[in-house]
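Taking it in order: structure first as structure tokens, then the write-up.
Along the sequence shown, residues carry numbers from 1.
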Amino acid sequence: MNMDIKQLVGDNMRAARKLKKLTQQKVADHWGMKQTQYSRYERGIYELDYERIVSLCKLLDLSPNELFGFDEYKGFP
């Protein structure tokens with residue numbers, strides 16, 4: 001797999017958010033930003049910092065390994 005890590009994380013963010021039935025606006029409000037700004041994270045344009053990683057994982061009940069696409073047994077895809 002030769003996918004950009006920001007895009008992979010963005011895709012995983014989107015999938016986890018949808019599983020929790022949250023809108024982009026809800027997550028953007030949680031982070032105190034506009035929806036358009038948040039959408040740039042899901043599209044892989046912006047890169048998450050440590051604080052946002054922790055915040056997102058807590059909000060979406062997601063492990064950092066799941067967010068970054070690590071397989072429990074194989075490591076990074």
Side-chain angles (χ1 to χ4, degrees):
M1 175 186 278
N2 195 14
M3 180 182 282
D4 181 290
I5 187 66
K6 288 188 293 187
Q7 185 60 56
L8 174 66
V9 169
D11 290 347
N12 291 340
M13 288 172 65
R14 181 179 306 106
R17 176 182 56 78
K18 288 182 175 186
L19 278 175
K20 286 291 189 180
K21 300 187 185 324
L22 294 174
T23 63
Q24 285 187 344
Q25 186 62 57
K26 285 284 190 189
V27 180
D29 289 345
H30 179 76
W31 282 354
M33 65 177 58
K34 294 181 179 184
Q35 179 273 329
T36 53
Q37 186 179 359
Y38 171 78
S39 73
R40 292 179 179 125
Y41 287 97
E42 284 193 2
R43 290 185 287 151
I45 296 169
Y46 287 174
E47 188 173 304
L48 292 168
D49 60 28
Y50 295 124
E51 289 81 16
R52 293 211 194 278
I53 291 167
V54 171
S55 172
L56 186 69
C57 288
K58 286 180 180 180
L59 179 67
L60 300 179
D61 192 29
L62 187 69
S63 76
N65 282 346
E66 292 169 312
L67 180 62
F68 285 94
F70 285 98
D71 181 282
E72 183 177 350
Y73 301 104
K74 296 180 187 174
F76 192 71

**Report entry** side-chain hydrogen bond (donor to acceptor under 3.5 Å, both in side chains) between Gln25 and Gln35, worked out
**Finding:** CA-CA 5 Å; Gln25 186 62 57; Gln35 179 273 329; over 6 Å; no
Requested in this report: Report whether Leu19 and Met13 are members of the same hydrophobic cluster (ILVMFWY, side-chain heavy atoms less than 4.5 Å apart, transitive linking).
Outcome: no
Report summary line: Rounded to the nearest 0.5 Å, the CD atom of Gln7 sits from the CD1 atom of Ile45 at a distance of 8.5 Å
Query raised in the report: For the atom pair NZ (Lys34) and CD (Gln24), what is the distance rounded to the nearest 0.5 Å?
Result: 15.0 Å
Query raised in the report: Does any pair with a residue in residues 10-34 pass ring-ring contact (aromatic ring centres under 6.0 Å, His included), and if so which ones, sequence neighbours excluded?
Result: Trp31-Tyr38, Trp31-Tyr41
Query raised in the report: Any side-chain heavy atom of Val9 sitting closer than 4.5 Å to one from Phe68?
Result: yes
Query raised in the report: How close do Lys6 and Asp4 get, heavy atom to heavy atom, and via which atoms?
Result: N-OD1, 2.7 Å
Requested in this report: Return the set of residues passing salt bridge (Lys or Arg N to Asp or Glu O under 4.0 Å) with Arg14 (not counting sequence neighbours), or none when no residue passes.
Outcome: Asp11, Glu42
Report task. Apply the test side-chain contact (heavy atoms from CB on, under 4.5 Å) to residues Met33 and Arg52: give CA-CA distance (whole Å), side-chain angles for both, the deciding distance (0.1 Å), then the verdict. Result -> CA-CA 12 Å; Met33 65 177 58; Arg52 293 211 194 278; 3.4 Å; yes
Would you mind writing out the side-chain donor-acceptor pairs for residues 56-64 within the sub-3.5 Å range, not counting sequence neighbours?
| residue | atom | partner | partner atom | Å |
| --- | --- | --- | --- | --- |
| Ser63 | OG | Asn65 | N | 3.4 |
| Ser63 | OG | Glu66 | N | 3.0 |
| Ser63 | OG | Glu66 | OE1 | 3.3 |

Query - Co-membership, hydrophobic cluster, residues Leu67 and Val54, 4.5 Å side-chain - result: no
